[in-house]
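Single-structure report; data block below.
First the proteins, then the strands, lettered A, B, ... as listed; each starts at 1. Just so it is clear, the structure is predicted and the values come from calculations on it, not from any experiment.
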Protein chains: 2
Amino acid sequence: MTATPAPSPEAPAAGDFLRLDEQICFSLNAASRAFGGVYRVLLKDLGLTYPQYLVMLVLWEHGELPVKKVGEHLRLDSGTLSPLLKRLETAGLVRRERSARDERSVQVGLTEEGAALRERALSVPRRIAAATGADLEEIRELRARLDRLTAALDEAALSEAPGCT
Amino acid sequence: MTATPAPSPEAPAAGDFLRLDEQICFSLNAASRAFGGVYRVLLKDLGLTYPQYLVMLVLWEHGELPVKKVGEHLRLDSGTLSPLLKRLETAGLVRRERSARDERSVQVGLTEEGAALRERALSVPRRIAAATGADLEEIRELRARLDRLTAALDEAALSEAPGCT
DNA sequence: AGCAATTTAGTTGTGCACAATTAAATTGCG
DNA sequence: CGCAATTTAATTGTGCACAACTAAATTGCT
């Protein structure tokens, strides 16, 4: 009575959605972790984890930034970034210093070593692209869909937050 | 010389890939976390985290399974599942017992309470679908693309593992 | 039977994600 | 100015992901 798979050969029963459901978000989750596995291998040489690599990308592109801005680029808060940045600092890739203009904010910048690491990272995107086995156009479209999805979900999370029905 | 953004207004320089790169996998990562936020809200009522919900989906669909099989369905290993299942057991949703036939394996099954929880989960997929703002067809196609991507990445990870150039 | 290789869970340690809280500096308003 | 509200990082605590390792049972081979 409890865990019978419930054949239901003709009508799409309500329970079927629990299977479909798994596939929608689980596919995303699995793809994200599969990427993680490939990045882990490629980034090992550089001594970076994938989230650390994302931070380095932001710094390589924008130069010195306050923690807040780094978090906005990556959709991460200080609870994640503070320890991560501390590890990058310990590794000698990043400098952190309180802003003189606003003592609340901490400016994050690259050390020479951190800036130099960019050269060794240049081959990563091509190798990742090769691992996906997809052409640039497909990747672009997939990215667009995912960004739309993220925007819709963030929107929904906002209206869900209080007591909105 | 170090952190200059490097304008390069006409030629697609090698460094541009470091931006594109961010967008490929970061979009995926961001979408996955955005889903996590929506699920977190919806599953709070049920007292489940998203990974715990995935485990419950597997058990609702397949009934009693060894830990190994649960892991195969979800692409997770015992390092993740053992503590997670222990929490579900503490919550009274799941039973764990050593198989008599093979003392190495642990069978995971639903308690009555765990089986009953399924009823309250039936509304989740619909509410998630609503939050995505996408129709079923788009979701299906996206899922197919992601699954292909995951397969390609897993494939690549395998040939990358030893010393394959 | 005897023993090495394999399989299955669990444990340990590192790092990330995120909610909740804290502390300090800044801003805004009367 | 004086003080409440806001902003910014950091900290704390929970849970997940995964690599590396351990322990125990099973399988396979001779």
Side-chain angles (χ1 to χ4, degrees), chain A residues 25-26 28-41 43-44 47-55 65-72 74-91 94 96-108 154 157 161, chain B residues 25-26 28-41 43-44 47-55 65-72 74-91 94 96-108 154 157 161:
Chain A
C25 179
F26 176 68
L28 197 59
N29 192 303
S32 180
R33 286 188 286 130
F35 257 116
V38 176
Y39 272 106
R40 192 170 300 115
V41 174
L43 295 176
K44 197 171 186 178
L48 294 175
T49 65
Y50 176 65
Q52 289 167 6
Y53 171 70
L54 291 181
V55 169
L65 285 176
V67 172
K68 184 80 193 300
K69 288 290 181 191
V70 176
E72 283 171 8
L74 297 179
R75 212 177 178 281
L76 293 171
D77 66 11
S78 68
T80 301
L81 287 175
S82 288
L84 189 158
L85 289 169
K86 208 172 291 184
R87 282 186 285 271
L88 287 178
E89 188 178 40
T90 302
V94 145
R96 288 188 307 156
E97 49 192 37
R98 288 272 161 197
S99 161
R101 298 183 65 83
D102 184 343
E103 288 282 345
R104 290 171 304 182
S105 119
V106 169
Q107 294 287 319
V108 183
D154 282 344
Chain B
C25 179
F26 176 67
L28 197 61
N29 192 303
S32 181
R33 286 188 285 130
F35 256 117
V38 175
Y39 272 106
R40 192 170 300 115
V41 174
L43 294 176
K44 197 170 186 178
L48 295 174
T49 66
Y50 176 64
Q52 289 167 6
Y53 171 70
L54 291 181
V55 169
L65 286 175
V67 172
K68 184 77 193 300
K69 288 290 179 189
V70 176
E72 283 172 8
L74 298 179
R75 210 176 179 284
L76 293 170
D77 66 9
S78 68
T80 300
L81 286 175
S82 288
L84 189 158
L85 290 169
K86 208 172 292 183
R87 282 187 284 271
L88 287 177
E89 188 178 39
T90 302
V94 145
R96 288 188 308 158
E97 51 192 36
R98 289 273 161 195
S99 161
R101 299 183 64 83
D102 185 343
E103 288 281 345
R104 290 173 303 182
S105 123
V106 169
Q107 295 288 318
V108 183
D154 281 346

So, using side-chain contact (heavy atoms from CB on, under 4.5 Å) as the criterion, who are the partners of S78(A) when residues are at least two apart? S82(A)
From CG of D102(A) across to P of dT6(D) the rounded distance in Å is 17 Å
Taking for each residue the nucleotide of DNA chain D with the nearest heavy atom, is it A100(B) or K44(A) whose nucleotide lies nearer the 5' end? K44(A)
If I take atom OH in residue Y39(B) and atom P in nucleotide dC18(C), what distance separates them, rounded to the nearest angstrom? 16 Å
Supply the atom-to-atom distance N29(A) CG to R75(B) CZ, rounded to the nearest 0.5 angstrom. 9.0 Å
Please report, rounded to the nearest Å, how far the C1' atom of dA23(C) is from the CD atom of E103(A). 14 Å
Once you round it to whole Å, what is the distance between P of dT8(D) and CZ of R101(A)? 15 Å
Looking at side-chain heavy atoms only, is the closest gap between V55(A) and L81(A) below 4.5 Å? yes
For Q52(B) against G47(B), the heavy-atom pair lying closest together: OE1-O, 3.9 Å
When the distance from CG of D77(B) to C1' of dT12(C) is rounded to whole Å, what number comes out? 13 Å
Shorter than 3.5 Å, N or O on both sides, protein versus nucleotides 10-15 of chain D: list them out with atom names.
from, atom 1, to, atom 2, distance (Å)
dA10(D), OP1, R96(A), NH1, 3.2
dA10(D), OP2, S82(A), OG, 2.9
dA10(D), N7, S78(A), OG, 2.6
dT11(D), OP2, K86(A), NZ, 2.8

What are the two closest non-hydrogen atoms of Y50(B) and L43(B), and how far apart are they? CA-CD1, 3.7 Å
With nearest nucleotide decided by heavy atoms, which residue, R104(B) or A34(B), maps closer to the 5′ end of DNA chain C? R104(B)
Whole angstroms only, please: what is the CG-C1' distance between L76(B) and dT8(C)? 16 Å
Would you mind reading off the distance between R75(A) atom CZ and dA17(C) atom C1', rounded to a whole angstrom? 11 Å
Rounded to whole Å, CG of D154(B) lies from P of dC18(D) at a distance of 10 Å
Assign each of E72(B) and N29(B) the nucleotide of DNA chain C bearing its closest heavy atom; nearer the 5' end lies the nucleotide of E72(B)
Which pair of heavy atoms, one from A34(A) and one from D154(B), lies closest together, and at what distance? CB-OD1, 3.8 Å
Within the 4.5 Å heavy-atom criterion, are L74(A) and F26(B) side-chain neighbours or not? yes
